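Below is one structure, written out as structure tokens; the observations come after it.
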Amino acid sequence: MRKNLLFTAVTGLLLLTSEAASAQTRTTLDIYVVDVEGGNATLLVTPSGESLLIDTGNTGPQASVRDASRIMEAAKDAGLTQIDHLITTHWHGDHYGGMEELAKRIPIKHFIDHGPNQQPAPGPDEFLAKVYPRLIANAKHTVAKPGDKIAMMGLDVQVVTSNGETIKTPLAGAGQPNPYCASFKPGDNNIEDPLSVGVHITFGKFRTMHLGDLTKNKEFELMCPNNRIGTLDVFLGLHHGVNTSSSEVMMHAVRPRVAIINNGTRKGGQPDVMKVLLSSPGLENLWQIHFSLLGGQEYTVPGMFIANLTDEQPAAMPTAPTAAPAPGPNTPPPAHNGPAFWIKVQAQQDGGFTVINARNKFSKTYAAR
């Protein structure tokens with residue numbers, strides 16, 4: 001018994017030492033785009049080991065446990081023992097759903113959101129009344145405003161959208177007229193998506209951005225008549241690749257070298273969005289968390305750039321896209337039944353970066369410009 005206890009203690013110490021050593025030797029900004037089945041969970045880890053998690057995946061008895069477990073796998077890979085900052089972009093179940101379960105597994109030190117839910121629904125209203133106050137009681141809590149900075153060593157993290165408001169002053173080097181504003185067409189949106197907390201992140205010369213589920217109309221407010229963001233190296237999230245976001249005024253103006261969409265098998269990736277993404281000036285590659293049945297073979301990227309494929313694959317994938325299921329209680333869930341894989345970005349301060357597909361280990365390095 002004594003020998004077993006000693007062995008367990010030594011093993012635990014070695015694991016902690018290994019994780020600490022990993023954090024100390026990291027020189028890159030590491031970004032994990034976690035597969036939470038068409039929701040969002042994006043984890044950023046600095047060279048010093050400080051962490052920022054953007055959203056926690058889906059709600060539901062099974063989905064919340066599944067997604068918290070997947071986030072924890074990424075946190076373990078990064079050698080984390082706590083989440084330093086958690087941004088909940090908005091109060092939809094595919095963005096806050098795994099929070100309570102995740103908080104049982106790892107300490108969360110700082111909670112950030114846009115303020116109260118403005119799209120009444122039983123799920124978020126009950127969560128905000130009964131669960132969230134308990135989670136933030138012994139932590140720091142911030143209601144984000146455009147222009148706010150989130151203090152992280154080695155990073156410049158600036159809030160560019162929150163609660164329906166956008167920054168008014170362009171970021172450094174931005175502010176040029178946006179030629180895509182003249183042809184903008186307004187889109188549809190619900191109440192909460194446009195309220196998303198969006199952040200722009202700079203690591204040396206590397207620039208990335210995550211806007212939650214910000215919709216086309218708010219993209220226009222942020223980007224017109226002048227582009228207040230400038231250009232990006234990596235654009236994260238893109239509202240799962242659904243067609244209420246990712247207009248030309250945003251996507252074409254910021255000219256990302258790489259875009260990564262957090263779509264599901266039957267959520268996002270519709271043809272009209274894929275056309276905008278794949279025609280973006282300067283885009284070198286689009287990476288997807290899932291193969292999208294809504295885009296089919298006609299509107300997708302080579303499989304090496306896709307982290308999760310379809311379940312029970314047919315002998316031949318249909319070329320034509322599949323129509324999106326109608327919203328409602330009988331809508332098929334976007335989940336797949338196979339193992340889940342993330343897409344990881346390792347960014348250098350000189351602006352270069354590498355993107356890695358955890359499923360097939362394919363990686364591509366984008367040299368500093």
Side-chain angles (χ1 to χ4, degrees), residues 39-40 42 52-56 59 85-97 99 110-125 127-129 132 136 141-150 157-171 174-175 178 180-181 184-201 208-230 232 235-251 253-254 262 268 273 276 327:
N40 181 60
T42 304
L52 168 64
L53 177 61
I54 304 175
D55 292 329
T56 53
T59 190
H85 310 276
L86 168 61
I87 295 174
T88 300
T89 58
H90 60 296
W91 301 114
H92 280 165
D94 56 338
H95 290 259
Y96 76 84
M99 188 193 306
H110 183 197
F111 294 81
I112 303 165
D113 56 65
H114 72 63
N117 175 42
Q118 297 186 34
Q119 185 178 335
D125 290 344
F127 176 85
L128 288 170
Y132 200 50
I136 66 176
H141 175 230
T142 300
V143 175
K145 296 179 177 59
D148 286 354
K149 296 287 187 81
I150 300 172
V157 184
Q158 181 165 344
V159 177
V160 293
T161 66
S162 183
N163 202 35
E165 300 295 326
T166 67
I167 55 170
K168 305 305 180 187
T169 302
L171 301 178
N178 186 345
Y180 302 100
C181 297
F184 174 76
K185 296 179 180 179
D188 298 327
N189 48 248
N190 53 44
I191 298 174
E192 271 290 308
D193 283 346
L195 307 182
S196 291
V197 177
V199 288
H200 179 276
I201 299 163
T208 187
M209 185 167 68
H210 196 302
L211 296 178
D213 285 358
L214 197 76
T215 50
K216 290 179 180 179
N217 297 341
K218 288 298 174 183
E219 292 175 348
F220 180 83
E221 288 184 28
L222 178 60
M223 299 295 291
C224 294
N226 294 331
N227 175 354
R228 297 177 209 157
I229 298 299
L232 299 173
F235 204 153
L236 299 165
L238 299 170
H239 193 176
H240 322 292
V242 304
N243 55 10
T244 55
S245 300
S246 300
S247 61
E248 289 90 343
V249 296
M250 174 61 72
M251 189 69 197
V254 299
N262 52 4
V273 172
V276 173

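Being a predicted model, the structure only gives us computed values, none of them experimental. No hydrogens, no waters, no symmetry mates; every other heavy atom, side chains included, goes into these values.
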Would L236 and N262 count as a side chain to side chain contact (heavy atoms under 4.5 Å, CB included) if you check the C-alpha gap in whole Å, the side-chain angles of each, and the deciding distance to 0.1 Å? CA-CA 8 Å; L236 299 165; N262 52 4; over 6 Å; no

Verdict with supporting geometry, M251 and Y180, side chain to side chain contact (heavy atoms under 4.5 Å, CB included): CA-CA 10 Å; M251 189 69 197; Y180 302 100; over 6 Å; no

Please determine whether side chain to side chain contact (heavy atoms under 4.5 Å, CB included) holds for the pair N189 and T244, giving the CA-CA distance in whole Å, both sets of side-chain angles, and the decisive distance to 0.1 Å. CA-CA 7 Å; N189 48 248; T244 55; 5.5 Å; no

Report the C-alpha distance between E221 and K218 in whole Å, list the side-chain angles of each, state the deciding distance to 0.1 Å, and finish with yes or no for salt bridge (charged side-chain N to carboxylate O under 4.0 Å, His left out). CA-CA 5 Å; E221 288 184 28; K218 288 298 174 183; 3.2 Å; yes

Test side chain to side chain contact (heavy atoms under 4.5 Å, CB included) on E248 and F184 and set out the steps. CA-CA 8 Å; E248 289 90 343; F184 174 76; over 6 Å; no

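What you find for Q119 and N117 is that their closest heavy atoms are O-ND2, 3.0 Å. Contact detail for K216 and S247: the closest heavy-atom pair is CG-CB, 3.9 Å.
Side-chain atoms of N40 and H240 include no donor-acceptor pair closer than 3.5 Å. Looking at D113 and Y96, their side chains never bring a donor and an acceptor atom within 3.5 Å of each other. Inspection of the D55 and H210 side chains reveals no N or O donor paired with an N or O acceptor under 3.5 Å.
Screening I167, T166, D148 for a side chain to side chain contact (heavy atoms under 4.5 Å, CB included) involving V159 leaves a single residue, D148.
One finds the CG atom of N163 at 8.5 Å from the CD atom of E192 (value rounded to the nearest 0.5 Å). In this structure, the separation between CG on L53 and CZ on F111 is 10.0 Å, given to the nearest 0.5 Å. In this structure, CZ on F220 lies 9.0 Å from CG on N178, to the nearest 0.5 angstrom. Going from atom OG1 of T88 over to atom CE of M99 covers 3.0 Å, rounded to the nearest 0.5 Å. For the atom pair T89 OG1 and H239 NE2, the distance stands at 9.0 Å (nearest 0.5 Å). Rounding to the nearest 0.5 Å gives a distance of 11.0 Å between CG of L195 and CG of D213.
Ring-plane geometry between Y132 and W91 is classed as perpendicular, the angle between the planes exceeding 60 degrees on a 0 to 90 degree scale with a lower cut at 30.
Other residues, nucleotides and ligands contribute at most 12 non-hydrogen atoms within 6.0 Å of the NZ atom of K185.
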